[in-house]
*Asks:* 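Once you've had a glance at the structure underneath, I'll fire off some questions.
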Amino acid sequence: MRVTGLLLLVAHLSIVAWLTLRPRTVPWMSATNLEPLATIRAELAHGPSWGVVQHLGGSVLLLAPLGVLLPLSAGRLNVSPLVSLTRTVFAGAMISLAIELLQSGVPGRVPDIDSVLLASLGVALAHLAVVPGARRRLRRRYGDLREATPRIPRVELAPQADVLSGSRTYL
């Protein structure tokens, strides 16, 4: 599952990089926006239209698959939902911020802080919609594997890391 998640994550990020970091030739560009929610307010001020939905929805959907792919590539089943959501949204926000910073050097691309906010929202919504239910189903299916302590067959002893509470082996 981890390998599949990592491959899908790399493929998705490659497509996102190609879409967002290739130069565009445009006759004019808007100014860089560093004021949170300014672009969103300006788009909504035009009234409801397909262009508004396309612009804001595209920003939300661009990195939304990371909300599922990041936890999938980690491969953890027994994680607190709040910790998982926080970790995933933070990673999505950092990836979005990196894309915006890289866009500052690409001709025809302008960084916008609202893109970071909308992308983080998309990551959070995708994570909340899919990951808790998927983890619950997987824990139900593979729950018996976690509860059984592996033992050495000939001597019927558990490995040392399971015997001592709180001990960790890093080898």
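Each residue takes its place number in the sequence, starting with 1.
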*Asks:* Considering only heavy atoms from C-beta outward, does the side chain of Pro81 approach that of Leu85 to under 4.5 Å?
*Replies:*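 No, too far: nothing below the 4.5 Å cut-off.
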*Asks:* Side-chain heavy atoms nearer than 4.5 Å, only ILVMFWY residues, links allowed to pass through others: does that put Leu9 and Val131 together?
*Replies:* no
*Asks:* Does Val116 belong to the same Ile/Leu/Val/Met/Phe/Trp/Tyr cluster as Leu19, with side-chain heavy atoms less than 4.5 Å apart forming each link?
*Replies:*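 In one cluster with Val116: Leu19, no.
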*Asks:* Working to the nearest 0.5 angstrom, can you tell me the gap between His12 NE2 and Leu62 CG?
*Replies:* 6.0 Å
*Asks:* Heavy atoms, side chains only, cut-off 4.5 Å: are Leu6 and Val10 in contact?
*Replies:*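 Result no, sub-4.5 Å side-chain heavy-atom pair not found.
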*Asks:* With rounding to the nearest 0.5 angstrom, report the CD1 to CG distance, Ile40 to Leu121.
*Replies:* 8.5 Å
*Asks:* Going only through I, L, V, M, F, W and Y residues with side-chain contacts under 4.5 Å, is there a path from Ile99 to Leu66?
*Replies:* yes
*Asks:* Could you tell me whether the side chain of Leu56 reaches within less than 4.5 Å of the side chain of Leu44, counting heavy atoms only?
*Replies:*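 In short, these two side chains touch, coming nearer than 4.5 Å.
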*Asks:* Working to the nearest 0.5 angstrom, can you tell me the gap between Leu97 CG and Met94 CE?
*Replies:*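 The distance works out to 5.5 Å.
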*Asks:* Do Asp114 and Glu43 have side chains that get closer than 4.5 Å, going by heavy atoms?
*Replies:*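 No, every pair of side-chain atoms sits at 4.5 Å or beyond.
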*Asks:* With side chains defined as the heavy atoms from C-beta onward, is the minimum distance between Leu72 and Met1 less than 4.5 Å?
*Replies:* yes
*Asks:* Using side-chain heavy atoms (C-beta onward) and a distance below 4.5 Å, is Ser115 in contact with Gln103?
*Replies:* no
*Asks:* How close do Ser120 and Ala93 get, heavy atom to heavy atom, and via which atoms?
*Replies:*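 Smallest interatomic distance, heavy atoms only, reads OG-CB, 3.3 Å.
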*Asks:* Determine whether Val16 and Ile95 make a side-chain contact, defined as any pair of heavy atoms from C-beta on separated by less than 4.5 Å.
*Replies:* no
*Asks:* Quick check: closest heavy atoms across His127 and Pro132, and the distance to 0.1 Å?
*Replies:* O-CD, 3.1 Å
*Asks:* Any link between Leu13 and Leu118 through a network of hydrophobic side chains (Ile, Leu, Val, Met, Phe, Trp, Tyr) touching at under 4.5 Å?
*Replies:*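 Result: no, two separate clusters.
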*Asks:* Identify the residue among Leu82, Leu70, Val79 that makes a side-chain contact (heavy atoms from CB on, under 4.5 Å) with Arg87.
*Replies:* Val79
*Asks:* Where do Gly108 and Met29 come nearest, in terms of heavy atoms and distance?
*Replies:* CA-SD, 3.3 Å
*Asks:* Indicate yes or no for a side-chain donor-acceptor contact from Arg109 to the backbone of Arg22 under 3.5 Å, with no hydrogens or angles considered.
*Replies:* yes
*Asks:* Testing the basics here: between Ala38 and Asn33, what is the closest heavy-atom pair and its distance to 0.1 Å?
*Replies:*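 So the two residues come closest at CB-OD1, 3.7 Å.
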*Asks:* Could you report the tightest heavy-atom contact between Ser104 and Pro111, atom names first, then the distance?
*Replies:*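 Result for this residue pair: CB-CG, 3.6 Å.
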*Asks:* Ignoring hydrogens and angles, tell me if any N or O in the side chain of Arg139 forms a donor-acceptor pair with the backbone of Leu77 under 3.5 Å.
*Replies:* yes
*Asks:* Between Leu21 and Val106, what is the shortest heavy-atom contact and its length?
*Replies:*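 Looking at all heavy atoms of both residues, the shortest contact is O-CG1, 3.5 Å.
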*Asks:* Less than 4.5 Å apart, any side-chain heavy atom of Glu35 and any of Arg41?
*Replies:*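 Yes, at least one pair of side-chain atoms sits under 4.5 Å.
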*Asks:* Tell me whether Val110 is reachable from Leu102 by hopping between hydrophobic residues (I, L, V, M, F, W, Y) whose side-chain heavy atoms are closer than 4.5 Å.
*Replies:*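 Cluster IDs for Leu102 and Val110 differ.
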